[in-house]
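Computed from a prediction, not measured in an experiment: that's the story for all the values here. When a residue number appears, it is its place in the shown sequence, counting from 1. Note that these values count all heavy atoms, side chains included, but never hydrogens, waters or copies made by symmetry.
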Amino acid sequence: MTRLLFLCLGLILCSSEVLAKKGDVIDITDSNWNEVLEGEWMIKFYAPWCPACHKLQPEWNELADWGEDLNVNIAKVDVTAQPGLSGRFIITALPTIYHCKDGVFRKYQGSRTHKDFINFISEREWEAIEPVSSWVGPDSFLMSGMSALFQLSMWIRQCHNYFVEDLAIPVWGSYIIFGLMTLFLGLMLGLILVFVADFLCPSKRHRPQGYQYPKNLPTVPADRKELEDELKEEVNEFENTKLGDKEARDAPQDKLRKRTAKS
């Protein structure tokens with residue numbers, strides 16, 4: 001009887017140890033998502049209204065029970081509560097499952113049973129899947145901007161609901177408010193860009209233009225010596241021309257004198 005009691009006690013202790021080893025599904029948010037960049041993770045993206053997500057939940061909890069044995073963290077993300085992560089991971093269908101190993105992300109496309117998940121991790125089947133490109137990875141600058149846009153859209157939606165439901169503003173009134181806010185922010189951003197551009201590339205001051213002389217006027221030599229040389233050349237040409245005309249007139253008289261002397 002005593003042995004049976006000790007045996008039952010041992011079974012209870014062993015079962016408690018087994019239950020203690022069962023892992024819990026970790027909730028990932030915008031504030032702690034950087035934790036998935038270290039170690040090995042299986043991350044499920046879901047929505048409370050998604051029937052397929054509800055069907056997957058028991059299998060995902062079963063996988064979490066094996067998390068410690070497989071040395072892998074099992075996590076989940078509610079895209080309705082974390083729109084930034086939805087944009088960061090480009091979630092277009094639900095449920096979506098990602099495998100992450102030391103910051104390298106791969107999208108799981110296999111069967112969705114806990115046995116398939118276990119084989120995927122234990123047999124390292126994820127090595128056959130091409131990882132997500134680094135420039136569109138969740139930790140890239142591009143996806144950080146996408147996350148910010150998704151968060152902004154959610155904030156705008158919350159503001160719209162606040163205007164319509166809490167303040168009882170008509171829907172068209174809410175649209176007008178957002179339109180005016182967009183116009184004001186656009187003007188402010190444009191003004192800031194103009195100031196920055198003028199500071200970095202200041203424009204040259206306009207100077208008064210001098211008098212422009214007509215283009216058809218004759219050009220005057222800049223050097224006086226050149227002008228004197230041109231005048232001398234013209235005088236020499238004139239004298240040579242005059243001397244040639246005189247010789248031409250004297251030539252017949254010379255011939256006449258020679259004939260008279262011979263006779």
**Request:** Show the numbers, then the answer: is there a side chain to side chain contact (heavy atoms under 4.5 Å, CB included) between N119 and E125?
**Result:** CA-CA 7 Å; N119 293 334; E125 295 178 0; 4.1 Å; yes
- Task: Start with the C-alpha distance between W41 and I26, add both sets of side-chain angles, then the distance that settles side chain to side chain contact (heavy atoms under 4.5 Å, CB included), and finish with yes or no.
- Result: CA-CA 10 Å; W41 293 75; I26 304 172; 3.8 Å; yes
Query raised in the report: Going through the distances and angles, do I177 and F163 end up as a side chain to side chain contact (heavy atoms under 4.5 Å, CB included)?
Result: CA-CA 10 Å; I177 292 174; F163 292 153; 4.1 Å; yes
### Message
Run M42 and F120 through side chain to side chain contact (heavy atoms under 4.5 Å, CB included) and show every step you take.
### Response
CA-CA 10 Å; M42 288 288 287; F120 179 79; 4.2 Å; yes
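A distance of 10.0 Å separates OG of S86 from CG of D30, quoted to the nearest 0.5 Å. In this structure, the separation between CG on L180 and CD1 on I176 is 7.0 Å, given to the nearest 0.5 Å. Between K101 atom NZ and I121 atom CD1 the span is 10.5 Å, to the nearest 0.5 Å. N32 contributes atom CG, which lies 8.5 Å from atom CG of L85 (distance to the nearest 0.5 angstrom). Interatomic distance, D24 CG to N73 CG, rounded to the nearest 0.5 Å: 11.5 Å. We find the NZ-CD1 distance between K107 and I97 to be 10.5 Å, quoted to the nearest 0.5 Å.
When all heavy atoms of L94 and A52 are compared, the pair lying nearest together is O-CB, 4.4 Å. Between K55 and P58, the closest heavy-atom pair is O-CD, 3.4 Å.
With a 6.0 Å radius and a threshold of 12 heavy atoms from other residues, nucleotides or ligands, E127 has its CD atom above the threshold. Other residues, nucleotides and ligands place more than 12 heavy atoms under 6.0 Å from the CG atom of D102.
Checked by atom type and distance alone, the side chain of R106 never pairs as donor or acceptor with a backbone atom of H99 at under 3.5 Å. Judged by distance alone, with hydrogens and angles left aside, the side-chain atoms of W60 form a donor-acceptor pair with the main-chain N or O of A75 at under 3.5 Å.
Cluster membership check: I90 shares its hydrophobic cluster with F105, using side-chain heavy-atom separations under 4.5 Å among Ile, Leu, Val, Met, Phe, Trp and Tyr. Criterion: ILVMFWY side-chain heavy atoms under 4.5 Å apart, direct or through other members. Under it, V104 and L142 are not part of a common hydrophobic cluster.
Side-chain N/O atoms of T29 and S31 include a donor and acceptor closer than 3.5 Å.
E59 pairs in a side-chain hydrogen bond (donor to acceptor under 3.5 Å, both in side chains) with only one of the listed residues (K44, K115, H114, R112), which is H114. Of the options Y108, W33, F89, a ring-ring contact (aromatic ring centres under 6.0 Å, His included) to F45 is made by F89 and by none of the others.
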